[in-house]
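Each ligand, and each atom within it, is numbered from 1 in the order the structure gives.
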Amino acid sequence: MSELSAIIFDLDGVLTDTAELHYRAWKRIAIEEDIPFDRERNRRLRGVPREESLRRLLDGRTISEERFRALLARKNALYVAMIATLSPRDVMPGAMHVVRSLRRSGFRLAIASASRNARQVVDRLGIATWFDAIADGASVAASKPAPNLFLYAAALLNVPPEACAVIEDAAAGLEAARRAAMRTVAFGPDVADEPADAHLRSFTSIDLAHWLGAIRYGVGAAPTVA
Ligand code: B16
Ligand code: MG
């Protein structure tokens, strides 16, 4: 197995809780369109691009292309209004400490987000300088669960995919990382039962040495780190 030399962070749901804002925007659309939608159904939308999210929300209902485009624009307007209020206070608790520790240990660091609003979120959080590279929803045509976005981020870092670990809060993102032949870290309660090389509940009580050991050598046992 290649030496681990880079960590790729998902954005929404990992570095900040904007996954909740995506949910609230889709919930508004669902109410307006009279479509049943709750947090459980929202799990199928997490981490996938906007168009595919709407298809999953519609769940087989057919609408015109024009209406489809209008709903996408409406959802994005709702979401963009919500992220306008983000600030450095909205960085996920403990994330700064983890990023600093990884950087001190010599890891290359990137963000790989399916969102076309990722740059704006990163700027509002004030975290752009923490990373060597940022890949977003405009970087590749086929987004998560295709491996392309993570492969693109690894290429920006100039690191082979096998030397990367991906931290993800969504099943679609973990699948994309596996397809990219990268090590996987499942972050948060939504993916607690997903297969991954390590599971993290949060960044706040992370035992970094143990966790890095798990993704470096412990593939298979899937240790849980509190
Ligand atoms: P946008 P991530 C993803 O970001 C979100 O998890 C997902 O819910 C969203 O639909 C997707 O970005 C596209 O976002 O509509 O802003 O382009 O988790 O990959 O950082
Ligand atoms: Mg995410």
Side-chain angles (χ1 to χ4, degrees), residues 7-30 37 39-58 68-84 86 90-92 95 109-125 127-128 130-131 133-153 166-180 182 184-192 194 196 199-200 202-203:
I7 311 286
I8 302 177
F9 289 75
D10 175 50
L11 179 64
D12 296 325
V14 171
L15 288 169
T16 182
D17 199 15
T18 36
E20 173 67 18
L21 305 184
H22 280 292
Y23 167 67
R24 288 184 200 164
W26 285 125
K27 179 74 181 168
R28 281 274 289 281
I29 297 290
F37 187 66
R39 287 180 189 278
E40 183 53 37
R41 287 171 207 243
N42 183 59
R43 290 178 64 165
R44 297 184 59 239
L45 275 57
R46 281 180 90 120
V48 299
R50 205 178 305 161
E51 291 77 3
E52 180 59 22
S53 296
L54 179 53
R55 263 179 233 115
R56 293 184 186 192
L57 181 92
L58 291 170
F68 190 84
R69 294 283 144 208
L71 289 181
L72 288 178
R74 167 108 181 102
K75 186 271 173 179
N76 196 50
L78 289 166
Y79 181 67
V80 166
M82 290 177 194
I83 60 175
L86 290 175
D90 296 299
V91 175
M92 198 66 89
L109 304 176
I111 292 174
S113 170
S115 175
R116 272 162 274 168
N117 296 297
R119 288 276 168 178
Q120 199 180 328
V121 171
V122 165
D123 288 346
R124 294 215 63 92
L125 296 174
I127 61 174
W130 298 6
F131 297 91
I134 298 175
D136 66 16
S139 300
V140 295
S143 194
K144 305 170 188 177
N148 307 37
L149 188 67
F150 291 132
L151 294 173
Y152 180 85
V166 170
I167 308 178
E168 258 289 350
D169 73 313
L174 290 170
E175 183 186 335
R178 278 194 298 273
R179 287 167 67 182
M182 296 179 179
T184 51
V185 180
F187 184 89
D190 266 15
V191 285
E194 290 289 325
H199 289 76
L200 265 185
S202 76
F203 289 126

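Counting only heavy atoms from C-beta outward, the side chains of E168 and T184 never approach each other to under 4.5 Å.
The side chain to side chain contact (heavy atoms under 4.5 Å, CB included) with R46 is formed by just one residue from the set D10, D12, D169; it is D169.
Among all protein heavy atoms, the one lying closest to atom 5 (C) of ligand 1 is D12 OD2, 3.4 Å.
Distances below 4.0 Å separate heavy atoms of V48 from the following atoms of ligand 1: 7 (C), 9 (C), 10 (O), 11 (C). Each of the following atoms of ligand 1 lies closer than 4.0 Å to a heavy atom of L11: 20 (O). Interface of S113 with ligand 1, defined as ligand atoms under 4.0 Å from a residue heavy atom, comprises 2 (P), 4 (O), 19 (O), 20 (O). Taking a cut-off of under 4.0 Å to the non-hydrogen atoms of D10, the atoms of ligand 1 that pass are 2 (P), 18 (O), 19 (O), 20 (O). Residue contact check: N117 has heavy atoms under 4.0 Å from atoms 1 (P), 16 (O) of ligand 1.
Under 4.0 Å from ligand 1, the heavy atoms of H22 that appear belong solely to its side chain.
E175 has no carboxylate O lying under 4.0 Å from a charged side-chain N of R178, or vice versa, which leaves the two without a salt bridge. Between R44 and E52 no salt bridge is recorded (no basic side-chain N to carboxylate O distance below 4.0 Å).
Side-chain N or O atoms of R179 include one that pairs as donor or acceptor with a backbone N or O of P145 at under 3.5 Å. A donor-acceptor pair under 3.5 Å is absent between the side-chain atoms of H22 and the main chain of R50, judged by distance alone.
Contact annotation: D169 places an N, O or S atom under 2.8 Å from the Mg ion (ligand 2).
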